[in-house]
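To start, the structure itself, in structure tokens.
Atom set for the values below is all heavy atoms of this structure, side chains included, hydrogens, waters and symmetry mates excluded.
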Amino acid sequence: MKKHNVNEFIEYGEDRFTKRIIYKEKDSTAFVLNFKPGQSLPAHKHPGSTVYLMVLHGNGEFTIDGETVSASVDDVFKAIGSNEEMAFENTGNDNTSLYVQLMKIPDEKYARNI
């Protein structure tokens, strides 16, 4: 078992958001995204993965397939598949940090024997 304190990965950049990797293994990774007010994560997808996100500090808005969803401390999100296009913007006045886990989902044709 590996133990980390998430606060070690909270670090804000002046020019753009930061990504601090906690761990990265063959089929999964966990990291913290850190945003100063007004900073954003561009729209993107994670095909073939399940994405879990938790708001650790601050607030903002996710845009998921064109739909805006507010996010604040302790909110948890899950994207399956994930052909959803998502973006994030810190729309608040305080710094915002997101804990993110990406996990691969086996393609259905490969998962038959599991």
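A search for side-chain contact (heavy atoms from CB on, under 4.5 Å) contacts involving D65 returns E84, E85, not counting sequence neighbours. For R20, the salt bridge (Lys or Arg N to Asp or Glu O under 4.0 Å) partners two or more places apart in sequence, or in a different chain, are E11. With sequence neighbours left out, the ring pair (Phe, Tyr, Trp, His ring centres under 6.0 Å) criterion links F17 to F35. Judged as a salt bridge (Lys or Arg N to Asp or Glu O under 4.0 Å), and not counting sequence neighbours, the contacts of E14 are K36. Among residues two or more places apart in sequence or in another chain, the side-chain contact (heavy atoms from CB on, under 4.5 Å) test is passed with K24 by I21, T29.
Hydrophobic clustering (side-chain heavy atoms under 4.5 Å, transitive across Ile, Leu, Val, Met, Phe, Trp, Tyr) keeps I22 apart from L33. Note: the hydrophobic cluster containing F77 does not contain L56 (ILVMFWY, side chain heavy atoms under 4.5 Å, direct or indirect links).
Side-chain contact between D74 and M54: present, with at least one pair of heavy atoms (C-beta onward) separated by less than 4.5 Å.
Taken from OG1 in T18 to CZ in F31, the straight-line distance is 11.5 Å, to the nearest 0.5 Å. Distance CD/E89 to CG/L41: 11.0 Å, rounded to 0.5 Å. Here the CE-NE2 distance, from M86 to H44, works out to 5.0 Å after rounding to the nearest 0.5 Å.
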What donor-acceptor contacts under 3.5 angstrom involve side-chain atoms of residues 95-102, with partners at least two apart or in another chain?
{"unit_1": "T96", "atom_1": "OG1", "unit_2": "N59", "atom_2": "N", "d": "3.1"}
{"unit_1": "T96", "atom_1": "OG1", "unit_2": "N59", "atom_2": "O", "d": "2.9"}
{"unit_1": "T96", "atom_1": "OG1", "unit_2": "N90", "atom_2": "OD1", "d": "3.4"}
{"unit_1": "T96", "atom_1": "OG1", "unit_2": "N90", "atom_2": "ND2", "d": "3.2"}
{"unit_1": "S97", "atom_1": "OG", "unit_2": "Y12", "atom_2": "OH", "d": "2.7"}
{"unit_1": "S97", "atom_1": "OG", "unit_2": "N34", "atom_2": "OD1", "d": "2.7"}
{"unit_1": "Q101", "atom_1": "NE2", "unit_2": "Y23", "atom_2": "OH", "d": "3.2"}

Side-chain donor-acceptor distances from residues 3-10 under 3.5 Å, at least two apart:
{"unit_1": "N5", "atom_1": "OD1", "unit_2": "N7", "atom_2": "N", "d": "2.8"}
{"unit_1": "N5", "atom_1": "OD1", "unit_2": "N7", "atom_2": "ND2", "d": "3.2"}

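With hydrogens and angles disregarded, a donor-acceptor distance shorter than 3.5 Å links the side chain of Q39 to the backbone of G13.
Around atom CG of D15, no more than 12 heavy atoms belonging to other residues, nucleotides or ligands sit under 6.0 Å away. E25 CD: more than 12 foreign heavy atoms inside a 6.0 Å radius.
Residues P37 and G92 share a closest heavy-atom pair of CB-O, 3.3 Å.
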